[in-house]
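Heavy atoms only: backbone and side chains are in, while hydrogens, waters and symmetry mates are out. Per chain, numbering begins at 1; letters A, B, ... match sequence-line order.
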Amino acid sequence: MSIETHTAIALAEIERGSLEIIDKEAIEKLLKTYYQEGKTYTVKAGFDPTAPDLHLGHTVLLQKLATFQKFGGHVQFLIGSFTATIGDPTGKSETRKVLSKEEVHRNIESYTQQAFKILDPDKTQVVYNHEWLEKLTPMEFLQLLSKRTVARMLERDDFKKRYKNEEDIAIHEFTYPLLQGYDSVVLKSDIEIGGSDQKFNLLMGRQLQKAYEVGKQQAVLMMPILEGLDGVQKMSKSLGNYIGVTDEANNMFGKVLSVSDDLMWRYYELLSSESLDAIAGLKKGVGEGSLHPMDIKKALASEIVERFHGEGEGRKAKEEFERVFSHKNIPTQLKEYKLEANIGIIKALVDCELVPSLNQARRDLKAGAVKMDQEKVTDEHFIITQGEYILQKGKKSFVKIVVK
RNA sequence: GGUGAGUUACUCAAGCGGCCAAAGAGGGCAGACUGUAAAUCUGCUGGUUUAUACCUUCGAAGGUUCGAAUCCUUCACUCACCA
């Protein structure tokens, strides 16, 4: 294959799913140089260690980084260790609590560990921005500030809006994009990737690299923000609409299957490793009725489960799913609770953590959502006698109870 | 700094002395129908071993009253207009 062909293939894969690329020519050049001379380049992406677990929303970026690694990129996995300990850059709309150093440290541990399920560790450099940001002298900091103007900062949508509405903008908020951009100066990144909501900050890196005469300006690739399970809001832990990369396999499978058909295509595009052509084919098949959307969704779910739980696990999760939900069987793996003899059904539901309160248990019972050994129970005074039972609330929650 | 308006459950938002655990909408949970999809329909949506009972809740603390989310005082925060 010629260098041109290699480059074109790589570029196409890199572009996939991206929302916008700034300075695509630069990326093309880096790829070409890689194929000509074997010279690698750096790709930076920043992560906030505000939570210990990654979800699929994060992996959209990680997968893109992995793609770069396939084509000569060396990843600069930047942990916002400095910014995370300071506070809230996006104003009161999203009051973020300030994390202690220990918390941040713990988060970073599990965070990176999870990230390496996708990234190639040999081509990844984990860097922490407190290493250089903490060392900035006031003079250096002011020099950094002097590189930009207030007018420029107000170009950022978020700031623009708030300024127009005469809402407060804390002065330190202005410094966040600058600090983030400064990371690119220190790291001399060739490319930075991030979510589309980060556009302003990503571009800041470019501008600061110029201002500091780094000798290059990073290309920028923006990925869309992945919607959560509700299909509307972005995937986030606080909204509870996420699929965590550490989610148990069967649960992960189920969550994927619960997304709407519309959202499924979005997940295909951003999470699957199927080619875009193949996806278009699937879509066509579904549109024509020759393919059942649920089968397509199951394939996606399997793929995702395999990625995080290993080969074979996707198929297993699928089989289990079909056993339980299509054929209405009891799951093979059940959490087991030991309960006292002659316990009331209401109390039992709470003790097994199927419901949060006795009242909720009564409501569910009344609604006909509770089953014991596949038999519906509606009498709230029902007493469970000695034995082993399967207790079920709703379609999805099963528990095994052992009553002494 | 001055003046005025506001702060209600997960969110928005009614309530302006007892009938308020607090309307309505959204969200969520559950049931029916399905494919753990969408759409639709229905029920539920503070807690307490279900009680025409008690407890906690309407920014915070005090007060008036038989009785307060509702009235008064102080404090905190938010918003608007003026300087």
Side-chain angles (χ1 to χ4, degrees), chain A residues 91-95 161-170 227-234 236-243 247-268 282-283 285-287 289-302 304-305 317-331 339-371 375-384 391-398:
Chain A
K92 63 210 145 168
S93 49
E94 242 181 274
T95 28
K161 219 165 100 196
R162 282 156 68 188
Y163 184 68
K164 217 174 118 197
N165 296 337
E166 298 182 22
E167 284 168 31
D168 281 343
I169 300 171
E227 291 84 357
L229 298 174
D230 54 88
V232 181
Q233 289 182 281
K234 72 172 179 183
S236 86
K237 193 167 188 186
S238 52
L239 292 172
N241 62 356
Y242 68 101
I243 301 176
D247 280 357
E248 186 270 323
N250 292 325
N251 188 239
M252 189 181 265
F253 191 94
K255 278 186 181 178
V256 176
L257 225 67
S258 77
V259 307
S260 72
D261 290 359
D262 287 343
L263 189 61
M264 162 173 84
W265 298 118
R266 184 90 173 135
Y267 280 22
Y268 252 109
L282 293 175
K283 207 167 179 173
V286 169
S290 60
L291 292 172
H292 195 299
M294 188 174 65
D295 293 329
I296 310 305
K297 209 181 283 176
K298 280 179 180 168
L300 175 68
S302 285
I304 291 172
V305 170
K318 180 172 176 242
E319 284 166 5
E320 175 74 358
F321 179 88
E322 285 167 354
R323 239 177 52 74
V324 175
F325 297 107
S326 309
H327 307 302
K328 305 254 182 283
N329 285 310
I330 305 298
L339 303 176
E340 295 161 28
N342 299 324
I343 189 169
I345 183 80
I346 301 280
K347 183 87 168 33
L349 285 165
V350 176
D351 285 356
C352 309
E353 299 171 77
L354 286 173
V355 294
S357 74
L358 299 178
N359 277 346
Q360 185 60 48
R362 292 195 181 95
R363 285 183 213 118
D364 287 332
L365 209 70
K366 221 175 273 176
V370 177
K371 283 184 187 164
E375 293 287 326
K376 194 181 277 187
V377 180
T378 47
D379 176 14
E380 61 179 71
H381 298 294
F382 186 86
I383 300 291
I384 306 175
L391 198 55
Q392 181 181 357
K393 193 222 88 182
K395 283 179 201 147
K396 302 167 197 171
S397 317
F398 298 83

Taking atom CD of A:E340 as the centre, report whether more than 12 heavy atoms of other residues, nucleotides or ligands fall under 6.0 Å from it. no
Looking at A:I296, is its backbone amide N or carbonyl O close enough to the side chain of A:Y268 to form a donor-acceptor pair, meaning the two atoms are under 3.5 Å apart? yes
Pick the C1' atom in B:G17 and in B:C29, then give their distance to the nearest Å. 36 Å
Please determine, for B:A76, whether a Watson-Crick or G-U wobble partner exists with both distances under 3.5 Å, and give it or none. B:U7
For B:A60 versus B:A69, give the span between their C1' atoms, rounded off to a whole number of Å. 14 Å
Quote, to the nearest angstrom, the P distance that separates B:C58 from B:A68. 13 Å
Could you tell me how far apart A:L229 (CG) and B:G27 (P) are, to the nearest whole angstrom? 16 Å
Which pair of heavy atoms, one from A:V259 and one from A:L229, lies closest together, and at what distance? CG1-CD2, 3.6 Å
One thing to verify: whether A:E322 and A:K318 come together as a salt bridge, which I'm taking to mean a side-chain N less than 4.0 angstrom from a carboxylate O. yes
Could you pull out the protein-nucleic contacts involving nucleotides 31-38 of chain B (nitrogen or oxygen on both sides, under 3.5 Å)?
{"unit_1": "B:U34", "atom_1": "O4", "unit_2": "A:K395", "atom_2": "NZ", "d": "3.1"}
{"unit_1": "B:G35", "atom_1": "O6", "unit_2": "A:D261", "atom_2": "OD2", "d": "3.3"}
{"unit_1": "B:G35", "atom_1": "N1", "unit_2": "A:D261", "atom_2": "OD1", "d": "3.2"}
{"unit_1": "B:G35", "atom_1": "N1", "unit_2": "A:D261", "atom_2": "OD2", "d": "2.8"}
{"unit_1": "B:G35", "atom_1": "N2", "unit_2": "A:D261", "atom_2": "OD1", "d": "2.7"}
{"unit_1": "B:G35", "atom_1": "N2", "unit_2": "A:K297", "atom_2": "NZ", "d": "2.8"}
{"unit_1": "B:U36", "atom_1": "O2", "unit_2": "A:K396", "atom_2": "NZ", "d": "2.9"}
{"unit_1": "B:A37", "atom_1": "O4'", "unit_2": "A:K297", "atom_2": "NZ", "d": "3.4"}
{"unit_1": "B:A37", "atom_1": "O2'", "unit_2": "A:D261", "atom_2": "N", "d": "3.0"}
{"unit_1": "B:A37", "atom_1": "N3", "unit_2": "A:D261", "atom_2": "OD2", "d": "3.4"}

Tell me: CD of A:Q233 to C1' of B:G28, nearest whole Å? 13 Å
When you look at A:F382 and A:L365, which way does the side chain to side chain contact (heavy atoms under 4.5 Å, CB included) test go after all the steps? CA-CA 11 Å; A:F382 186 86; A:L365 209 70; over 6 Å; no
Residues in side-chain contact (heavy atoms from CB on, under 4.5 Å) contact with A:I383, at least two apart in sequence or another chain: A:N342
What is the distance, rounded to the nearest whole Å, between atom CD1 of A:I345 and atom P of B:U50? 17 Å
My understanding is that a pair needs two contacts under 3.5 Å, Watson-Crick or G-U wobble. By that rule, which nucleotide pairs with B:C29? B:G43
Could you tell me the separation between the NZ atom of A:K237 and the C1' atom of B:C10, rounded to a whole number of Å? 18 Å
Say you pick atom P in B:A23 and the same atom in B:G15; how far apart are they, in whole Å? 13 Å
Counting just side-chain N and O atoms, does A:N359 come under 4.0 Å of either OP1 or OP2 of B:G46? no
Note: for A:V350 and A:D364 on RNA chain B, the residue whose nearest nucleotide lies more 5' is A:D364
Rounded to whole Å, how long is the line connecting atom CG of A:L365 with atom P of B:C44? 16 Å
Suppose you measure atom P in B:U73 against the same atom in B:A5; what distance do you get, rounded to whole Å? 12 Å
Report the C-alpha distance between A:E227 and A:V232 in whole Å, list the side-chain angles of each, state the deciding distance to 0.1 Å, and finish with yes or no for side chain to side chain contact (heavy atoms under 4.5 Å, CB included). CA-CA 6 Å; A:E227 291 84 357; A:V232 181; over 6 Å; no
A:H327 side chain vs A:N329 backbone, donor-acceptor pair below 3.5 Å: no
Measure from CG on A:N241 to P on B:C10 and round the result to the nearest Å. 19 Å
Could you give the CD-to-P distance, from A:Q360 to B:G43, as a whole number of Å? 17 Å
Is the side chain of A:N241 donor-acceptor paired with the backbone N or O of A:S236 at a distance under 3.5 Å, no angle test? yes
With 3.5 Å as the limit, what N/O pairs link the protein to nucleotides 52-58 of chain B?
none

Should the pair A:K255 and A:Y242 be classed as cation-pi, given the thresholds of under 6.0 Å to the six-membered ring centre and 45° from the axis? yes
Interatomic distance at C1', B:A21 relative to B:U48, whole Å: 14 Å
Rounding to a whole Å, what distance do you find between A:D230:CG and B:G26:P? 16 Å
When both hydrogen-bonding distances must be under 3.5 Å and the geometry is Watson-Crick or G-U wobble, what is B:G24 paired with, if anything? B:C12
A:T378 side chain to A:G368 backbone, donor-acceptor under 3.5 Å: no
Partner of B:U56 under the Watson-Crick or G-U wobble criteria, both distances under 3.5 Å, comes out as none
What does B:G1 pair with, Watson-Crick or G-U, if both distances are under 3.5 Å? B:C82
Could you measure between the two C1' atoms, the one in B:U40 and the one in B:C54, and give it in whole Å? 41 Å
Tell which nucleotide pairs with B:C71, taking only Watson-Crick or G-U wobble pairs whose two distances are both under 3.5 angstrom. B:G63
Inter-nucleotide P distance (B:C16, B:G31), Å rounded: 38 Å
